[in-house]
Structures are given as C-alpha cells and as structure tokens.
Amino acid sequence: MIAQVVPVLFAFGANLGDRGETIRSAQRALAATPGIERFEASALRETIALTASGPDPDAPRYVNGVATARTTLDPHALLDAVQAIETTHGRVRDIRWGDRTLDIDLVLFGGRVISDDRLQVPHPRAHERDFVLAPWLDLDPDAVLMGHGRVADLLARIGDTTVPLSHDDHANAGSKVVPGRSGGLDAQG
C-alpha cells in the first residue's frame, strides 16, 4: 500500500526559557521525524501571553511561529510525535493556557476535519489568533484556513499585535529545516 502524503500546518509557542532556541530545536526534531518531509518554518514573532482570562501583559511574553510540512503519518501518530517532542523540551500540562516551555499545535491536517478526545483539526481557535495567522501569512501569502477563509482577510479582521523577533534575539528568517543542521528556524497554543 502506498502511504498518502498530506500537507500539514503546525503552530509553535514558548514563553519560558530560551524561547526561540527551544522552538527551533523542536522544529529540527519534528523535521527529522520519520514520515515528515518538506518542513518549512516561518520567522518568529513575539506576543503578549494569552491566558484563559485574556491577554496578560504581566506574564512572560511568547515567541511564536508556524511551519508547513508534508507527512505520511496518520493524525494521531503525528500528534504522538508532537507530544513526545513537547515532553522532551520540558512541557508540563498542568494549567490550561499557562506558561510553558513549548507548545506545538497541529492546526491543519490536509483537508480533514478531526474531532475526538485527543485532537481537533482544524485548530478550533486558529482563526482568532494573530500569533498563528501573521507568521503563516509571512510563510504563505495565499494561505487559506479551512472553514474560515483567506488568512490575510482573517488577520485584517482581528488585527496583528505580533512583533517580529529581532535579529539580535534570534536568527529569524523563515527557512527549510534540515535535520542535523542548525539554521534560522521556530507558537503559542
């Protein structure tokens, strides 16, 4: 049987530790995962933390980005790989929308709609999050979020409060991730 190759979109975020390096390290690990190919990461952006009660300017700021890829993994095997990478990078799941060393969301899995106790795709709040939409638009100016429309229109509607991460903070150009090589690579869930 020939495996189906499916385009996917990931969102990355971190607000604890060396945020940019953690995200880039996680991206390198994800790009090196068997069954994932053509991994391309956006530039990183910084945002105010979003908590369950709304934006929190007193919490540590987030660094966010997205990445596109293609995979032959099924959605839950991909989720397992993502969660293993989060755990390796110190992710603890104790407070919903709390501070975190790393968060990786599977935003899109081809044109599939998935809703079960482990996974919701498309991500149910991606259309409301400038920290997903802005880096995605940078990576793909023609991007469309299934069920919601053009990313450019969605971002124009909600506004963009993200700030490009300065070059001094971390090498930031969007790039293809090549496993085993460091390079400019790196979201908030």
**Close side-chain approach of Leu106 and Leu119, heavy atoms under 4.5 Å** = yes
**The single option from Val132, Leu30, Leu108, Val66 passing side-chain contact (heavy atoms from CB on, under 4.5 Å) against Phe10** = Leu30
**Item:** Atom pair CZ (Phe131) and OG1 (Thr47), whose distance is rounded to the nearest 0.5 Å
**Value:** 6.0 Å
**Complete:** The complete set of side-chain hydrogen bond (donor to acceptor under 3.5 Å, both in side chains) pairs with one or both residues in residues 71-81, sequence neighbours excluded, reads His76-Asp116, Asp80-Arg118
**salt bridge (charged side-chain N to carboxylate O under 4.0 Å, His left out): pairs with one or both residues in residues 130-147, sequence neighbours excluded** = Arg45-Asp138
**Prompt:** So which heavy atom on Met146 is nearest to which on Pro122, and how close?
**Reply:** CE-CG, 3.3 Å
**Request:** For Ala156, enumerate each residue passing the side-chain contact (heavy atoms from CB on, under 4.5 Å) test, keeping only those at least two apart in sequence or located in another chain.
**Result:** none
**Request:** Could you check if a side-chain atom of Trp136 sits within less than 4.5 angstrom of a side-chain atom of Leu145, using non-hydrogen atoms only?
**Result:** yes
**Complete:** Scanning both residues in full, the closest heavy-atom pair of Ala134 with Asp160 reads CB-OD2, 3.5 Å
**Item:** Residues Gln27, Phe39; criterion side chain to side chain contact (heavy atoms under 4.5 Å, CB included); working and verdict
**Value:** CA-CA 8 Å; Gln27 289 177 335; Phe39 190 98; 3.8 Å; yes
**Prompt:** Shared ILVMFWY cluster between Val163 and Val63, side chains joined below 4.5 angstrom?
**Reply:** no
**Prompt:** Quick one: are Leu44 and Asn64 in side-chain contact, heavy atoms under 4.5 Å?
**Reply:** no
**Asked** Are Leu165 and Leu16 in one and the same hydrophobic cluster, where Ile, Leu, Val, Met, Phe, Trp and Tyr link if side-chain heavy atoms are under 4.5 Å apart?
**Response** no
**Request:** State, to 0.1 Å, how close Ala59 and Ala49 come at their nearest heavy-atom pair, and which atoms those are.
**Result:** CB-CB, 3.6 Å
**Request:** Report whether Leu154 and Ile158 are members of the same hydrophobic cluster (ILVMFWY, side-chain heavy atoms less than 4.5 Å apart, transitive linking).
**Result:** yes
**Request:** Supply the atom-to-atom distance Gln120 CD to Asp105 CG, rounded to the nearest 0.5 angstrom.
**Result:** 11.0 Å
**Minimum-distance pair of heavy atoms, taken over all atoms of Ala43 and Pro135** = O-CB, 4.0 Å
**Complete:** Closest non-hydrogen contact found for Gly65 with Ser42 is CA-OG, 3.5 Å
**Arg38: partners by side chain to side chain donor-acceptor pair (under 3.5 Å), with sequence neighbours left out** = none
**Fill in**
Contacts satisfying ring pair (Phe, Tyr, Trp, His ring centres under 6.0 Å) that involve residues 143-162 (not counting sequence neighbours) are His127-His148
**Donor-acceptor contact present, side-chain Ser25 to main-chain Glu21, <3.5 Å** = no
**Prompt:** Which heavy atom in Ala26 sits nearest to a heavy atom in Leu102, and how many Å separate them?
**Reply:** CB-CD2, 3.6 Å
**CG-CZ distance between Leu133 and Arg157, expressed to the nearest 0.5 angstrom** = 10.0 Å
**Asked** For Thr68, what residues pass the side-chain contact (heavy atoms from CB on, under 4.5 Å) criterion, not counting sequence neighbours?
**Response** Leu9, Glu40, Leu139
**Asked** Of all residues at least two apart in sequence or in a different chain, which pass the salt bridge (Lys or Arg N to Asp or Glu O under 4.0 Å) check with Arg70?
**Response** Glu37
**Spacing of Glu86 atom CD and Leu79 atom CG [to the nearest 0.5 Å]** = 8.0 Å
**Asked** Got a second to check how far Leu73's CG is from Thr33's OG1, nearest 0.5 Å?
**Response** 7.5 Å
**Message:** Going by the rule side-chain contact (heavy atoms from CB on, under 4.5 Å), which residues pair with Pro55 if we only count those two or more places apart in sequence or in a different chain?
**Reply:** Ile48, Leu50
**Prompt:** So do Val8 and Leu78 actually touch side chain to side chain, heavy atoms under 4.5 Å?
**Reply:** yes
**Prompt:** For residues 143-153, which residue pairs qualify under salt bridge (charged side-chain N to carboxylate O under 4.0 Å, His left out), counting only residues two or more places apart or in two chains?
**Reply:** Arg150-Asp153
**Message:** Could you work out, with salt bridge (Lys or Arg N to Asp or Glu O under 4.0 Å) as the rule, every residue matching Arg112, not counting sequence neighbours?
**Reply:** none
